[in-house]
Amino acid sequence: MSKHLSGSQIVCEALIKEGVDVVFGIPGGAILPLYGVLSQYPDLRHILSRHEQGAAHSADGYARSTGRVGVAFATSGPGATNLVTGLATAMMDSVPMVAITGQVGRAAIGTDAFQEADITGASMPLTKHNYLVMRADDLGATLHEAFHIARTGRPGPVLIDIPKDVFTEMGNYDPDASLNLPGYKIPGKAKEHEVNAAAKLINESERPVILAGHGVILSQAFDELKQFAEKAQIPVVTTLLGISSFPEDHVLSTGFPGMHGMAYASLAVDQADLIINFGSRFDDRIVGDAKRFSRKSKKIHVDIDPAEINKTIQVDAQVVGNIKDVFGQLLPKVKQNTHVEWLQHIEHLKAEHPSLRIPESDRLMGQHVVKALSDVTKGEAIITTGVGQHQMWAAQHYQFKNANSWLSSGGAGTMGYEVPSAIGAQVGNPDKLIWSICGDGGFQMTMMELATAVENNLPVKYAILNNNHLGMITQWQDFFYGGDFQAETYTANPDFVKLAEAYGMKGIRVTKQDELETAIAEANAYDGPVIVDFVIEKVDDLYPMIPAGQSIEELIEEPNQ
Amino acid sequence: MTSTNRTQQRTISALVQDKPGVLARISGLFRRRGFNIASLAVGRSETSGLSRMTFVVEGPEEVVKHVAAQLDRLIDVVEVRDITESNIVWRELALIKVKAPAKTRGEVLELTNVYRANVIDIGVQSLTLEISGGRQKIDSLIELLRKFGLLEVIRTGRVATLRGTLIEGENDGLFQSDASSPTYILPVTSGESGSV
């Protein structure tokens with residue numbers, strides 16, 4: 001039945017109908033009419049971020065960790081443009097999000113009015129879809145379309161731009177109106193002949209490897225992946241974003257490959273006779289030189305997005321469909337197998353190329369911190385990270401036991417993701433332990449969000465791997481730019497313990513290896529947000545490494561080989 | 001799949017929702033890769049609310065095909081076809097304003113007749129011709145008229161359609177024909193489809 005409401009009320013009613021119970025945002029002039037009705041909708045919890053990028057990453061962290069659509073509010077102009085990094089981050093990693101931005105009044109659009117920015121134009125290539133809504137009557141249908149688009153098919157962020165006077169205009173809202181999306185294609189059941197062709201290749205292969213990507217997590221196909229791998233006894237390599245799609249204490253777990261992945265994982269991919277890619281887009285950080293990527297193997301690509309098939313790597317078989325459903329179709333057709341020799345060989349690779357050796361040092365190393373976090377939390381925390389060396393150490397040394405417990409900006413590589421994404425994850429998982437593993441560089445890009453954690457009593461634990469350096473930059477300048485170090489050192493980091501105290505958080509500093517476990521346990525036990533400032537070795541290189549655009553032949557396993 | 005890195009002209013046909021921003025979304029995917037759109041024709045289609053775009057882009061085949069697959073992913077794009085290798089008929093229309101004083105007018109009119117063009121406006125010193133057909137035919141008339149003095153040339157860009165009778169299994173250029181959501185299946189008319 002149709003209701004006559006203000007635009008703002010229509011937005012709120014549609015959000016509630018979509019099951020939204022929390023929104024991250026910051027008000028501003030153009031979106032004030034929406035904030036003006038929030039008190040009428042107590043079921044919509046609004047979390048006040050300190051910067052719109054933080055609101056977007058928090059919505060992203062909430063979405064990744066819960067599988068629900070994350071929602072962010074921002075005002076027009078700079079509010080909206082501040083969201084853009086968060087939208088790009090979500091777009092690259094296929095995260096379901098809806099961003100609602102205020103826009104200047106309809107009559108002012110296009111006149112360079114105060115706080116006007118063409119956000120639909122700016123965000124067009126960085127969203128799955130976006131809307132400028134010019135009539136209150138269209139708001140309800142647009143909101144429901146946006147959520148449908150964000151969460152179905154290959155998920156992604158959708159932005160809805162709403163002029164100030166559309167929020168205040170009265171309009172009709174029919175919550176049960178049907179969607180009108182004639183151009184929106186969601187692949188249905190995978191084609192039988194595609195599934196059969198894939199099953200044939202799998203049954204014929206002697207050295208198969210599963211490459212499990214983010215698609216496995218997005219389709220929540222954790223049990224199906226495990227059943228499939230166990231039935232056919234196929235080693236599971238995850239991508240960086242596929243981490244936590246498969247338990248890492250499982251005998252078939254074979255790490256992650258690529259630029260900073262485990263050498264044994266990259267070698268397994270290289271030596272395989274079949275790569276079965278479930279929901280990964282053959283990212284360049286995995287593939288390197290496409291001409292030399294896993295030359296001996298046939299490739300099967302299972303993906304919900306047909307535009308990803310044959311994009312970077314030509315495949316021998318494709319299956320277009322939802323990963324979880326494809327597992328269901330594939331499982332009965334795949335024969336039980338043992339792959340004894342191949343699995344023995346994989347064990348041999350793991351033994352010969354352990355990849356996770358921590359440099360012998362009395363000093364505190366980033367790897368020590370992550371290893372201790374993994375041990376003390378038994379691999380059961382939800383981990384968020386920024387981007388750089390600390391991210392790779394986290395990916396390498398934390399042993400993830402729980403499904404979907406790794407949140408990291410893999411595609412966009414957004415430094416600063418670590419602080420607000422952890423807030424979103426904690427809001428979505430109030431009873432779980434969230435550790436944000438941060439670099440001192442990225443942390444300072446979004447650390448204003450600490451106030452959001454304190455204000456909302458969110459007991460996020462921030463582990464800063466503090467080396468006063470942009471560690472990855474330092475390493476690249478050393479390796480690839482002749483040691484000409486520029487802009488790599490942070491000489492004026494704040495005292496992070498005092499910073500924690502200034503925000504009303506607990507602050508702990510750790511400088512020695514033997515302080516690690518006590519400090520982590522203390523942080524875990526504290527009922528509130530904590531910063532642990534891990535003062536680590538100033539300069540330490542990250543291994544293994546396959547330089548950009550290269551292949552396994554250029555693998556550097558350890559220093560001075 | 002044939003593979004070539006050579007830049008070539010490819011003809012893409014898209015059925016899109018008739019909404020603001022659609023053209024920007026589509027052109028953005030080409031702009032992102034630095035491709036030039038050689039020609040573009042847009043107009044309402046036979047179905048209310050849907051427009052058809054025909055565009056000719058220049059780029060390597062594999063890359064253009066991938067962009068077409070990305071076009072198909074756009075929410076406002078109902079259907080995309082790369083019809084470069086399909087059995088199609090296409091037309092382009094041009095309006096040519098050419099100097100035609102009394103002294104040369106006869107010669108211009110003769111060319112107009114030979115090319116089956118039409119005179120649509122007559123000025124004291126000029127004629128405006130309308131010609132439709134394939135690109136080469138239009139190019140050729142323009143070249144012949146050049147010596148008389150071209151005042152203005154306006155071209156529509158290519159519009160193209162699959163021939164009415166396709167042999168079964170013939171390449172119709174359609175992307176993602178396996179999508180399960182409603183896709184418009186266009187009636188194939190059995191009318192005349194003359195050659196270029």
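Being a predicted model, the structure only gives us computed values, none of them experimental. Atoms considered below: every heavy atom in the structure, side chains included; atoms not considered: hydrogens, waters and symmetry mates. So you know, we letter chains A, B, ... as the sequences are listed, proteins then strands, and number each from 1.
Annotation: B:Lys19, atom NZ; neighbour count of heavy atoms from other residues, nucleotides and ligands within 6.0 Å is above 12. Heavy atoms from other residues, nucleotides or ligands lying under 6.0 Å from CZ of A:Arg292 number more than 12. No more than 12 heavy atoms of other residues, nucleotides or ligands shown are found within 6.0 angstrom of CD on B:Glu110. Crowding of B:Lys97 atom NZ: a count of heavy atoms from other residues, nucleotides or ligands under 6.0 Å not exceeding 12. By the neighbour-count criterion of 12 heavy atoms within 6.0 Å, atom CD1 of B:Ile154 is densely surrounded, having more than that number from other residues, nucleotides or ligands.
Taking the side chain as every heavy atom from C-beta outward, B:His66 and A:Asn310 never approach each other to under 4.5 Å. Residues A:Asn130 and B:Arg25 form a side-chain contact, since some pair of their non-hydrogen atoms from C-beta on lies under 4.5 Å apart.
Here A:Met124 is the residue among A:Glu308, A:Met124, A:Arg154, A:Glu145 with the most heavy-atom pairs under 4.5 Å with chain B.
Proximity of a side-chain donor or acceptor of A:Lys128 to a complementary backbone N or O of B:Ile75 within less than 3.5 Å is not detected.
The part of B:Leu74 that comes within reach of chain A is its backbone (N, CA, C, O), which places non-hydrogen atoms under 4.5 angstrom from that chain.
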